[in-house]
Protein chains: 2
Amino acid sequence: MEPIITENQFEGCAEVFKALGHPARLRMVHSLAGGERCVCELQELVGLDMSTVSRHLAVLKKAGVLASRKQGNWAYYSLELGCVASLLDCVINKKQRKER
Amino acid sequence: MEPIITENQFEGCAEVFKALGHPARLRMVHSLAGGERCVCELQELVGLDMSTVSRHLAVLKKAGVLASRKQGNWAYYSLELGCVASLLDCVINKKQRKER
DNA sequence: TGTATATTTGGCAAAATATGCAAATAGGTC
DNA sequence: GACCTATTTGCATATTTTGCCAAATATACA
């Protein structure tokens, strides 16, 4: 009953973690855990160039972390991989407990 | 009661995810979830140069994911951030459900 | 002391990533 | 149609990551 993890699964999984492994992207994901936002809101949140934000969002979408929909001129992003929200809590709590 | 996440927390958290965001590192972490291993065992697992494995392990240790102890000639690494094991399961299960 | 083994570190080249600016898209409005 | 706005894409550059080889460490053993 050992669940065997294939190389493909490791790679897909690593892609998710890699996508989360950037402060700006993590901050945006955390914000999106509270509901969908448009790119301009996220841009204001992280304070990077709009084009840079757009690229970060593309990374997260490609990894399967986010979904997006277009409405008029705006693009709205939302959390697709729901468990990511608890991942964040988990890591923050663990680290916290150690650091103080 | 809103838990405010500081910039430092985001960065520490991102460092953890970043450390997990590489297939070889993820594979080693998954193996270490089953108990501590020496570097040579992990080297065999991932099939990279020993020096490369050592550096990967250093990344994980720096992020707080792994701990290490030295005994004789051998260095043993073990999982320090326990929740990481369930993170992996969480992401793999989510992705799996979507892909097939 | 010398030798063997496990691990880490220094150096380097190739590849990937991050970022901003400018240009291209796409969808609105007049 | 022309114009405005939000977003994405092309390009250039700086930085980081990855991987190996070779050298340095450290520890055990004879």
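Chain naming here is simple, since letters A, B, ... match the order of the sequence lines and numbering starts at 1 in each.
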*Asks:* Got more than 12 heavy atoms from elsewhere within 6.0 Å of CD, E11(A)?
*Replies:* yes
*Asks:* Would one find a side-chain N or O of T52(A) under 4.0 angstrom from OP1 or OP2 of dG20(C)?
*Replies:* yes
*Asks:* May I have the distance from L57(B) (atom CG) to dG19(D) (atom C1'), rounded to whole angstrom?
*Replies:* 15 Å
*Asks:* Atom CG of L60(B) and atom C1' of dT17(D): how far apart are they, to the nearest Å?
*Replies:* 14 Å
*Asks:* Go through dT7(D), dT8(C), dG20(C) for me and flag the one nearest to the S51(A) side chain.
*Replies:* dG20(C)
*Asks:* Just verifying a value: how many Å separate R27(A) CZ and L48(A) CG, rounded to the nearest 0.5 Å?
*Replies:* 10.5 Å
*Asks:* Could you pick out which residue, A58(A) or N73(A), lies toward the 5' side of DNA chain D when each is mapped onto its nearest nucleotide?
*Replies:* N73(A)
*Asks:* Using whole Å, report how far CH2 of W74(A) lies from P of dT7(D).
*Replies:* 8 Å
*Asks:* Whole angstrom is fine here: how far is it from NE2 in H22(B) over to C1' in dT16(D)?
*Replies:* 13 Å
*Asks:* Keeping the roles fixed (side chain from R25(B), backbone from H56(B)), state whether a donor-acceptor pair exists under 3.5 Å.
*Replies:* no
*Asks:* Measuring to OP1 and OP2 of dT7(D), would you say a side-chain N or O of H56(A) lies under 4.0 angstrom away?
*Replies:* no
*Asks:* In whole Å, I'd like the distance from the CZ atom of R55(A) to the P atom of dT13(D).
*Replies:* 15 Å
*Asks:* Take atom OH of Y76(B) and atom P of dT8(C), then tell me their distance rounded to the nearest Å.
*Replies:* 13 Å
*Asks:* Look at all strands and tell whether Y77(A) reaches a base, only sugar-phosphate, or nothing, counting heavy atoms closer than 4.0 Å.
*Replies:* sugar-phosphate
*Asks:* What do the steps show when you test H30(B) against F10(A) for ring-ring contact (aromatic ring centres under 6.0 Å, His included), and what is the final call?
*Replies:* CA-CA 10 Å; H30(B) 177 249; F10(A) 271 119; 5.6 Å; yes
*Asks:* Tell me which of C40(B) and G47(A) sits closer to the 5' end of DNA chain C, going by the nucleotide each one is nearest to.
*Replies:* C40(B)
*Asks:* Return whichever of K18(A) or E41(A) has its heavy-atom-nearest nucleotide of DNA chain D closer to the 5' end.
*Replies:* E41(A)
*Asks:* For D49(A) and dA6(D), what is the distance between atoms CG and C1' respectively, to the nearest whole Å?
*Replies:* 13 Å
*Asks:* Check the pair T6(B), N8(B) against side-chain hydrogen bond (donor to acceptor under 3.5 Å, both in side chains), reporting the backbone distance first and the verdict last.
*Replies:* CA-CA 5 Å; T6(B) 67; N8(B) 273 352; 5.5 Å; no
*Asks:* Could you tell me the separation between the NZ atom of K70(A) and the P atom of dA26(C), rounded to a whole number of Å?
*Replies:* 8 Å
*Asks:* L48(B) side chain: which of dC20(D), dT7(D), dC21(C) is closest?
*Replies:* dC20(D)
